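Single-structure report; data block below.
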Amino acid sequence: MIVAIRHILKHSIRARLIAMTGAIVVAVVCLLTCVMALLGASSLRQESDAQLAQSLGQSAALLGNFIEVRESALDQWAVHPLVDAMFGDPEVAGIFVPNLHNFFGKIRAQEPWLSQVFLVQDQQVLYSDDQRFEFSRDGNGVAAGLALIGRLPARGASVLDLRRLRAGPSQQVLLLKRPVFKDGRPLPGASVVLLLDFAQIQQKLFGQIRIGHSGFVSIAASDLSGKVVLPAQPGLVGSERGDFRQASAAWRSWSDIPERYGSIVFRRQHLDGTPFAIVGVASRDDIRASVLRLVALSAALGLLALLFGVCCAIYFAGRLTGPILTLTLKAEQLARYHAGEADAATPSGRMPKVDGLDRHDELGRLAHSFARLQAAIHDKIALIENQNQLLTTQDARTQELNQSLERKVQERTGQLQQALLAQQAFGEQLQEKNRELDRLSITDRLTGLCNRLRLDQVLDDEIKRYQRCGTPFALVLLDVDHFKRVNDTFGHQAGDIVLAEMADLLATGTRALDVVGRWGGEEFLLVCRDTELDGAALLAGKLREQIAGHLFRVGGGKTCSFGVTSVAPGDTLAQMIARADRALYRSKAGGRDRVELEGGPDGAGKAAAPAVAAAAASAAQAGAAGPAQPAGQVPA
C-alpha cells in the first residue's frame with residue numbers, strides 16, 4: 001500500500017498537489033480550531049468573572065442602601081412623639097400603646113422583613129409590637145437577652161442568632177439599636193431596638209438574582225462571635241448544592257471563604273464599616289458547559305472547513321494538472337506524427353502544437369517529445385503567440401477585477417463612515433441621558449430643590465472646607481407651621497402644592513451661592529456659605545416675613561418656624577444639625593413664626609431679634625398661630 005502511494009506521488013503532479021494541499025488544509029484547520037476554542041474559553045471565563053463582579057457591585061450597593069434606609073428610619077423613630085411619650089409618665093404611656101401598635105403595624109405591612117420592635121429602658125421592655133415575644137432568662141430571673149442588647153453599641157448593626165434572645169428555633173436576625181433622645185439629649189439606658197429577619201432580607205433583595213444557570217448572590221455577615229453566617233440559599237442542585245453546604249459549614253471567618261470549592265466558584269465584596277459582605281456563587285459547570293459547546297461548535301466548523309478544503313484541493317488540482325496532461329498527450333501524438341507512426345487520433349495533414357519541460361512526470365514525457373520536434377520551430381512560435389494573447393486577456397481581466405475591488409472598498413468606506421457618525425450621535429445622546437440622571441439623583445421631585453442626598457454632600461463639603469480653610473457657613477432649618485391641618489383639611493395633594501410654593505419662595509429669597517433643599521416632610525434646610533450667625537439670622541428673618549406675607553393657593557397664609565446655627569471650631573455635622581433642630585424646637589415651643597438662634601457647641605439659644613419675637617407674640621394673641629400648646633410639647 002505504501003509503495004503504491006509513493007509510486008503515484010513520484011509519477012503524478014496531480015497526486016502530489018492534492019496531497020500537499022490536503023496536508024496544509026488539515027494543519028491550518030486544526031490550528032484555527034484549537035485557537036478559536038482556547039480564545040472562546042478564555043473569553044467566556046472573563047465574561048463570567050465580569051458578570052459575577054458586576055452582580056456583586058450592584059448587590060453591595062443595594063444592601064448598603066437598604067441598611068442606610070433602615071438606620072435612617074430608626075433615627076426618626078427614636079425622636080418620634082409617640083416613642084418619646086412611652087418614656088415619660090408610666091401612667092400616661094399606656095394611652096399611646098394602641099397608637100404605637102397602629103404605627104408599627106403599618107410599617108410591618110410594608111416591610112415583611114421587620115421581625116420585632118422594642119422600646120427598652122434599664123433592661124426593661126416598655127413596649128413590644130409582638131407581646132408573644134419573651135426574652136430568655138437566666139437563673140437569677142434577669143432577662144439575659146436584654147442584658148445582651150444592653151452590651152451592644154448604641155449605634156450600628158449587629159447580626160446574631162435569635163436563640164440568644166429567646167428560646168426557640170435558630171433564626172439569624174439583623175439587630176439595629178438607637179438611643180432615645182428627650183429634649184435634644186439621649187435618655188440614659190433608653191433605646192429603640194429593631195430586629196430584621198435575615199432570610200427575608202435575602203429573599204426580597206437577592207432572591208431573584210441568578211448568576212448563570214444555577215448561581216446566586218447571598219448576604220454574608222459576621223455575627224457577634226465572629227462566625228460567618230448566611231441565610232438559607234435556593235438554586236443549587238446536585239453536586240453543587242453538596243459542595244456549597246460543605247464549604248459554608250467550614251467558614252469561621254472571612255479568610256475561610258475560598259475562591260473555588262469543588263464544582264462552584266466564590267467571590268465576595270465587603271461593605272465598609274459594616275459586618276456584611278456580598279457573596280457570589282457560580283457553578284463551574286455553567287462555564288464548562290459553555291466552553292464544551294464552543295469547542296464542539298468549533299470542531300464541527302473545522303470538520304466542515306476540512307471537507308471543503310479537501311474538495312477544493314481536488315478540484316483546483318484537476319484544473320491545474322488537466323491542461324498539462326492534455327499537452328502531454330498532444331506531444332506524444334506529435335512524436336508519432338514526426339516518426340511516421342499511424343495515429344487514429346491525429347487527422348491527416350494537421351500537426352499538434354505542444355510545449356513541455358524535462359522531468360520524470362507528465363512534463364518529463366513532454367520534454368522527451370520536444371527532443372523529437374526540434375524542427376518544428378514555427379509551430380513553437382505560433383504557440384508562444386497564443387500564450388501572449390492569453391496573458392493579455394488575463395491582464396485585462398485582472399485590471400477589471402482591481403477596478404471592481406476599488407469600487408467595493410470605496411462603498412465599504414462610506415458605510416463605515418456613516419456607522420461612525422451614527423455611533424458618535426448615539427454616544428452624545430447617552431451622555432445627555434447620564435447628565436439628566438445625575439441631576440435627578442440629587443433633586444427632590446416634588447419641590448425641585450436639592451434632596452437629602454445632595455444636602456448631605458454639600459454639608460460634608462462645607463465642614464471639610466471650614467476645617468481646611470476656616471471658611472464660615474451657617475444652617476437655617478425651617479418647618480411649616482400647622483402643615484398637618486393642610487393635609488387633613490384639603491388633602492395631601494394640596495399639601496404638595498403648598499410645599500412646592502414654599503420651595504419657590506425659598507429659592508427666590510436666597511443667594512445664588514446658598515444651597516436650599518428639602519430636609520424631609522415639611523422641613524427645609526438652607527446652607528448659607530461664607531455667612532456668620534448674624535447674617536444667617538437676617539436671612540431667616542427676611543424669609544419669615546416673605547412667607548408670612550405670601551398668600552398660598554391652598555389654605556391662604558402660612559408661617560414657618562426657623563432654627564439658625566453656624567459652624568464653630570471642633571464642630572461636626574451631627575452637632576450642627578442637632579443645634580439647628582434645638583433652635584427650631586424652641587421656635588415651635590415659643591409660639592411659631594419665629595427665628596431662634598443657637599451658637600457654637602457651648603453657646604446658648606436666643607431669639608433672632610426683638611422685632612421677630614414681637615411679631616410672633618402679636619400673631620399668637622390674634623389666634624393666627626393656632627391653639628395654644630401645653631408647655632414642654634412641640635406642636636406639629
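If you read the sequence from its start, that first residue is 1, and numbering goes on from there. Just so you know, these numbers come straight off a predicted model, no measurement behind them.
A distance of 4.5 Å separates CZ of Arg178 from CD of Glu71, quoted to the nearest 0.5 Å. The line from CG of Leu174 to CD1 of Ile219 is 8.5 Å long, rounded to the nearest 0.5 Å. Here the CD-CG distance, from Gln200 to Leu196, works out to 10.5 Å after rounding to the nearest 0.5 Å. From Leu271, atom CG reaches atom CD of Glu68 across 11.0 Å, with rounding to the nearest 0.5 Å. A distance of 10.0 Å separates CD1 of Ile149 from OG of Ser158, quoted to the nearest 0.5 Å. Distance check, rounded to the nearest 0.5 Å: CG of Leu205 to CD of Gln203 gives 10.0 Å.
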Stepwise side-chain contact (heavy atoms from CB on, under 4.5 Å) check, Leu176 with Val193: CA-CA 6 Å; Leu176 299 176; Val193 180; over 6 Å; no
Working for side-chain contact (heavy atoms from CB on, under 4.5 Å), residues Arg6 and Ile2: CA-CA 6 Å; Arg6 291 179 62 184; Ile2 298 177; 4.1 Å; yes
Audit row: Leu421, Gln417, side-chain contact (heavy atoms from CB on, under 4.5 Å) steps and yes/no: CA-CA 6 Å; Leu421 292 176; Gln417 290 177 349; 5.5 Å; no
Intermediate values then yes/no, salt bridge (Lys or Arg N to Asp or Glu O under 4.0 Å), Glu111 and Arg70: CA-CA 10 Å; Glu111 302 185 5; Arg70 302 285 81 72; 3.2 Å; yes
Residues Leu74, Trp77; criterion side-chain contact (heavy atoms from CB on, under 4.5 Å); working and verdict: CA-CA 5 Å; Leu74 195 58; Trp77 297 350; 3.7 Å; yes
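In this view, Asp460 and Lys464 satisfy the salt bridge (Lys or Arg N to Asp or Glu O under 4.0 Å) rule, not counting sequence neighbours. Listed by chain and number, the residues in a side-chain contact (heavy atoms from CB on, under 4.5 Å) with Leu446 are Asp444, Asp496, Leu499, Arg518 (sequence neighbours excluded). Every residue two or more places apart in sequence or in another chain was checked for a ring pair (Phe, Tyr, Trp, His ring centres under 6.0 Å) with Phe276, and none qualifies. For the salt bridge (Lys or Arg N to Asp or Glu O under 4.0 Å) test, no residue two or more places apart in sequence or in another chain qualifies with Arg268.
Heavy-atom minimum distance, Arg163 versus Pro169: CG-O, 3.5 Å. For the residue pair Pro112 and Lys204, the shortest heavy atom distance occurs at CG-CE, 3.5 Å.
Residue pairs meeting the salt bridge (charged side-chain N to carboxylate O under 4.0 Å, His left out) criterion with at least one partner in residues 388-401, sequence neighbours excluded, are absent. Each side chain to side chain donor-acceptor pair (under 3.5 Å) pair with one or both residues in residues 402-414, not counting sequence neighbours, appears once here: Arg412-Gln415.
Residues His7 and Val3 are not in side-chain contact: their nearest non-hydrogen atoms beyond the backbone lie 4.5 Å or more apart. Side-chain atoms of Asn451 and Thr443, non-hydrogen and from C-beta on, never get closer than 4.5 Å to each other. Proximity of Thr274 to Leu63: side-chain heavy atoms (C-beta onward) are nowhere separated by under 4.5 Å. Looking at heavy atoms from C-beta onward, Leu455 lies in side-chain contact with Val515 at the 4.5 angstrom threshold.
In this structure a side-chain-to-backbone donor-acceptor pair under 3.5 Å is present from Arg108 to Leu114. Without hydrogens or angle criteria, Lys227 side chain to Ser222 main chain gives no donor-acceptor distance under 3.5 Å. Side chain of Thr447 to backbone of Leu449: a donor-acceptor contact under 3.5 angstrom is found. Between the side chain of Lys177 and the backbone N or O of Ala157, no donor-acceptor pair lies under 3.5 Å. With Asp161 contributing its side chain and Arg164 its backbone, the two residues share no donor-acceptor pair below 3.5 Å.
Side-chain atoms of Asp197 and Gln171 include a donor-acceptor pair closer than 3.5 Å.
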